[in-house]
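Below: one structure, written as structure tokens.
Here is how names work: the chains are called A, B, and so on, in the same order as the sequence lines, proteins then strands, and each is numbered from 1. These numbers come from the heavy atoms of this one structure, side chains and all, not from hydrogens, waters or symmetry mates.
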Protein chains: 4
Amino acid sequence: MVDGSGRGRPRSESARAAVLHAVDDLLVEVGYAALTMKGIAERAGVGRQTVYRWWSNKAEVLYEASAIDARHELSVPAGDDPREGLKAYLDALVAFLSRSHAGAAYRALMGEAQHDADVAALLASRDILGESAAAVVEEARRASGTTLSQEQATALLIGPPFFHILTGRSADAIDTEQLADQFVRALNPPGT
Amino acid sequence: MVDGSGRGRPRSESARAAVLHAVDDLLVEVGYAALTMKGIAERAGVGRQTVYRWWSNKAEVLYEASAIDARHELSVPAGDDPREGLKAYLDALVAFLSRSHAGAAYRALMGEAQHDADVAALLASRDILGESAAAVVEEARRASGTTLSQEQATALLIGPPFFHILTGRSADAIDTEQLADQFVRALNPPGT
Amino acid sequence: MVDGSGRGRPRSESARAAVLHAVDDLLVEVGYAALTMKGIAERAGVGRQTVYRWWSNKAEVLYEASAIDARHELSVPAGDDPREGLKAYLDALVAFLSRSHAGAAYRALMGEAQHDADVAALLASRDILGESAAAVVEEARRASGTTLSQEQATALLIGPPFFHILTGRSADAIDTEQLADQFVRALNPPGT
Amino acid sequence: MVDGSGRGRPRSESARAAVLHAVDDLLVEVGYAALTMKGIAERAGVGRQTVYRWWSNKAEVLYEASAIDARHELSVPAGDDPREGLKAYLDALVAFLSRSHAGAAYRALMGEAQHDADVAALLASRDILGESAAAVVEEARRASGTTLSQEQATALLIGPPFFHILTGRSADAIDTEQLADQFVRALNPPGT
DNA sequence: GTATAAGCGAGACGGTACGTCTTGTCTTGGC
DNA sequence: GCCAAGACAAGACGTACCGTCTCGCTTATAC
């Protein structure tokens, strides 16, 4: 028994999959603003109540549909050279934010979080970007002997390309190798 | 005469002011999501058509209502010490993004721009953050002799606190003096 | 000016007519139970809000759509012979209740009134059957010198065929001439 | 064994009783319109399928729940005086239609039958009112030597108070003694 | 001074999503 | 094989907002 009692008809896995698939398709086709719970249900061939039963709003459906992809796309294999590891991570980050479906979902949710506390809480429950950067940031902090916290160092690494892309600038103008260098320099303790 | 012919009743300045005032109040009271053209018109005591006649959507009204405040809040007087100038700018930026009404409007619009091309174009028409940083970034670039473009340097300065705040972290954890130092170090050419 | 202020767009007479026409058609096509406000709006090519703006529920729309027809169908020209007047009225009544569209609407509303106080109040606002019988009943009362009130006499006249039809019996079995005779006999004061 | 096979779990008498009890309570509490199969099942503490297994709709449940009470309330002991028998029956009829729970159920079902053929068929399967009146009407026909059929005579007796109550008039205004007299007069052959 | 024209508040219009409700069916495990 | 629980697809409920439209009124310039 998965749920508490085991009584009643169990949740339909096929309905769940259909909804997640539908929301993914619809985000690409009509965009976030035109994404509606009604539309999701109809596209998935599912009753509206079934969608509402398991997710409160379109943000939750979208989050569940994209979180796994997001984590996957942002995970880079650990390499030998820390500098290359940073560059590889930044490449993945830029690709995710500017070209991936899951990244489009993330940007939409990030945007919604600016004016919807529920969505903000949803995103805060799993710091996808911070987690994805954890390994390379940790390694860089260790290597540099910086006094910066993990959080501060993460903002230093992700912040510049994040700002660049979210303010609508072209991702092509980003030089990840240079960003990695700048990050390392910024990390070094002032005295050295 | 402002418009071509000058014929007909001229635009009511009081209606315009009432709308801009109403949108400001409503953003604070009900939030961006619950902000509606209908609500704005009713709050302003104005016909709905009057709002639609001059702005196409709530984002445009909000932009016009907050852009002037935004520019004002982000302008810092030039000082003698460049390092202090950077810190003063970062302080203003953090205050704007995390505590100001105009900043709340900016974050809402920035979020909406992630999934609405019209809003993205609206924000792109005036790069408020980039402009506000132009003077201090320019000065820092000149002083450091960096090869970075103005755009790249701007992302380096604004990116970290921008990421920090837009991903929902507390603004209190931001140390602007440290950020200024890191920015200067990152800016220095590799060879020096 | 018809309404209080004369301000705002006036009510659309074509929308009103389309709704009343649609409800009439739909009652015949799908029956009262399957009649819905949504269906009426769609059939009329009208927004749902427009229906709700002017009528609270399907009973009100149906009532307005059928009341005029009902009154028309139940009005019989006054004749010379009272006995023939009674028969003519009963014929009209039986035809109305058992074969007319407006009568089907009336039966549906009468039924709904049994378990919906709003509909009961709606029907009570205009006693269509009682009014239609008023003239012949009045004449019969005058001629017979009965002590019965108008209301009691009306129930005596309408009751038997009303019961017959509303309890699902065939209208063909009704002998209106005989009913008229019985009504006159029942009306006579006991002592005569 | 009641059913053919006797295999499987037998029908739960307690579930049946709980459903009939629940529907009775709910009719009084929320009225016919708000009575739902779902609500009945929940109130009875019974699975919805169990309700659907034995009754097809709320009308059937309600009919079964009230038919026995109805017959009981409408049966009047035969007396010596036919005139008093008629009055006693009319008193029971008026009380039933205007004040009894079972009568409220009957009026609701009668109303529903005006626009639901299934409910009409259900009511037609057992002519509760006609049956209850059979004895007194039969006796009156025999005594008067009328040529009227049992059905016609029944309509003559029940029709007036039936019309009065179902069209929403007050039951207090009904004078059953007078109605009995009128019925007897109407029944008499024209020639006598 | 009298057209002509455009802006004004009000509010109805056709559409459509919202989140909730009930429908009748289906699918569990337990009795 | 009946039972309670509860998920399922379907679709109506009444409300809200969308962007457009049609009113009568007001306030300008242009003739």
Basic-acidic side-chain contact under 4.0 Å: E112(B), R107(B): no
Base dG19(E) to side chain R48(A), donor-acceptor N/O within 3.5 Å cut-off: yes
Pair of N/O donor and acceptor under 3.5 Å linking dC21(F) base with R9(C) side chain: yes
Rounded distance (Å) that lies between atom C1' of dA16(F) and atom NZ of K58(B): 13 Å
Spacing of R53(B) atom CZ relative to dC21(F) atom P, expressed in whole Å: 13 Å
Touch class at under 4.0 angstrom, heavy-atom based, for G45(D) against every strand present: sugar-phosphate
Per W54(A) side chain, nearest of listed nucleotides dC13(E), dC8(F), dT15(F): dC8(F)
Length of the line joining M37(B):CE and dG11(E):P, which is rounded to integer Å: 19 Å
Contact under 4.0 Å: T50(B) side-chain N or O vs dG9(E) OP1/OP2: yes
Of the listed nucleotides dA9(F), dA4(F), dG15(E), the one nearest the side chain of Q49(C): dG15(E)
Student check: side-chain heavy atoms of W55(C) and V23(C) closer than 4.5 Å: no
Interatomic distance where NZ belongs to K38(D) and P belongs to dC8(F) [whole Å]: 15 Å
Selection from dA9(F), dG9(E), dG19(E) that lies nearest to any side-chain heavy atom of Y52(A): dG19(E)
Residue pairs passing the side chain to side chain donor-acceptor pair (under 3.5 Å) test where at least one lies in residues 31-44 of chain D, sequence neighbours excluded: E29(D)-R43(D), K38(D)-E42(D)
Distance, nearest 0.5 Å, that separates OH of Y106(B) from CG of L62(B): 12.5 Å
Gap between atoms CZ and C1', on R43(D) and dA4(F) respectively (whole Å): 18 Å
Side chain R7(C) and base dC23(F) donor-acceptor under 3.5 Å: no
Atom-pair distance (CZ on R11(C); C1' on dC23(F)), nearest Å: 16 Å
Spacing between E13(C) atom CD and dC13(E) atom P, to the nearest angstrom: 10 Å
Atom of L109(D), atom of V119(D) and distance for their closest heavy-atom approach: O-CG1, 3.5 Å
